[in-house]
Amino acid sequence: MTTFTVPDHGACHTLSGTMESLVMTRQKNWKALFTDAAGLAFAAIWATRGATAAHLPKPVMVASLAVVSLMLLAGFAYRDLIQCKPEAVKDAALLRRVKIMRIVAITVMITAVRSAHHAELLYPLLGCIIGLSYIPMGRAMQEPVHIIVGGVIVGISALSFLLPEPLHLEVAGFGTALTIWVGSVLRLRNSGTFSVPPRNALPS
């Protein structure tokens, strides 16, 4: 008597769905880390502008930026890739519109500033655009820290308009970078990245 084994297609479909979900999750986590890294790069650029305007020694500037940026990047990598707890996007359509409008606004602003020959307005206006984009971004991700960071950056950029050169670049540069760094620390804290589980805690 010959017996035939019927393959469990249901189990195969379940395994396939699980693998697909795992791949999509990893892609989402890497995408979140890339976004966080881009924010830290933006902060480093602004800090560099502030340090250059203040004529700080380059070795001190480079070392300080490297330490701060790498520590925060390590925190985001731990949160996004190891803890797998990146910030969830609640409104993907709004977030997509914000990114598109930010690129359009920056392009128009750079063209207008160059046409008017007022290069000194480039960075304050750029700060205003970036700061304003943080506010709807915070709504799309339901992350209050983004909204607060955006409001502070807009305020700092507006204040820098009233200051003479090179003070306005120092305030805009250091103020914007410091705001993003503090916001990053708060976001990592809110995600539980700094919490350490007890040694005797069993893995879930």
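Everything numeric here is computed off the predicted structure, so don't read it as measured data. Computed over heavy atoms, backbone and side chain alike; hydrogens, waters and symmetry mates excluded.
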Would you check if Val185 and Trp181 make a side-chain contact, meaning some heavy-atom pair closer than 4.5 Å?
no
* Do the side chains of Leu40 and Phe76 get nearer than 4.5 Å, heavy atoms only? -> yes
Do His168 and Leu159 have side-chain heavy atoms sitting under 4.5 Å apart?
no
List the steps and the verdict of side-chain contact (heavy atoms from CB on, under 4.5 Å) for Val98 and Tyr134. CA-CA 9 Å; Val98 169; Tyr134 266 90; over 6 Å; no
Rounded to the nearest 0.5 Å, the OG atom of Ser157 sits from the CG atom of Leu132 at a distance of 8.5 Å
Distance col, row Thr48:OG1 vs Phe174:CZ, nearest 0.5 angstrom, shows 9.0 Å
Item to check | Val104 with Val113, same ILVMFWY side-chain cluster at under 4.5 Å | outcome: no
Under 4.5 Å between side-chain heavy atoms, hopping through other hydrophobics if needed: is there a path connecting Met101 to Leu126?
no
Sub-4.5 Å side-chain heavy-atom contact between Asp91 and Arg139:
no
*Hydrophobic cluster membership, Ile148 vs Val154, 4.5 Å side-chain cutoff*: no
Closest non-hydrogen atoms of Gly183 and Val149, given as atom of the first, atom of the second and distance, are CA-CG2, 3.8 Å
Taken to the nearest 0.5 Å, the spacing of Ile156 CD1 from Ser160 OG works out to 9.0 Å
Applied to residues 184-193, the salt bridge (charged side-chain N to carboxylate O under 4.0 Å, His left out) test, sequence neighbours excluded, yields Asp36-Arg187, Glu87-Arg187
In this structure, NZ of Lys28 is separated from SG of Cys84 (nearest 0.5 Å) by 9.0 Å
CH2 of Trp46 to CG of Leu65, rounded to nearest 0.5 Å, is 14.5 Å
Any side-chain heavy atom of Ile106 within less than 4.5 Å of one from Ile130? yes
Can you confirm whether His146 sits close enough to Ile135 that some side-chain heavy atom of one is under 4.5 Å from a side-chain heavy atom of the other? no
### Message
Within the 4.5 Å heavy-atom criterion, are Leu188 and Tyr78 side-chain neighbours or not?
### Response
no
| message | Set out, in order, the CA-CA distance, both residues' side-chain angles and the distance that settles side-chain contact (heavy atoms from CB on, under 4.5 Å) for Asn29 and Lys85, then state yes or no. | response | CA-CA 8 Å; Asn29 293 347; Lys85 296 197 304 184; over 6 Å; no
Connected to Leu95, directly or through other members, by ILVMFWY side-chain contacts below 4.5 Å are Val89, Met137, Met141
Here the pair of heavy atoms bringing Gly75 nearest to Thr193 is O-CG2, 3.7 Å
Go through the steps to decide whether Leu81 and Trp30 satisfy the test side-chain contact (heavy atoms from CB on, under 4.5 Å), and finish with yes or no. CA-CA 7 Å; Leu81 302 182; Trp30 276 103; 3.7 Å; yes
Rounding to 0.5 Å, atoms CG (Leu73) and CE (Met71) come to a distance of 12.0 Å
Find out if a path of hydrophobic residues (ILVMFWY) with successive side-chain heavy-atom gaps under 4.5 Å connects Leu94 to Ile129. no
Out of curiosity, does Leu169 fall in the hydrophobic cluster containing Leu125 (side-chain heavy atoms, cut-off under 4.5 Å, transitive links)? yes
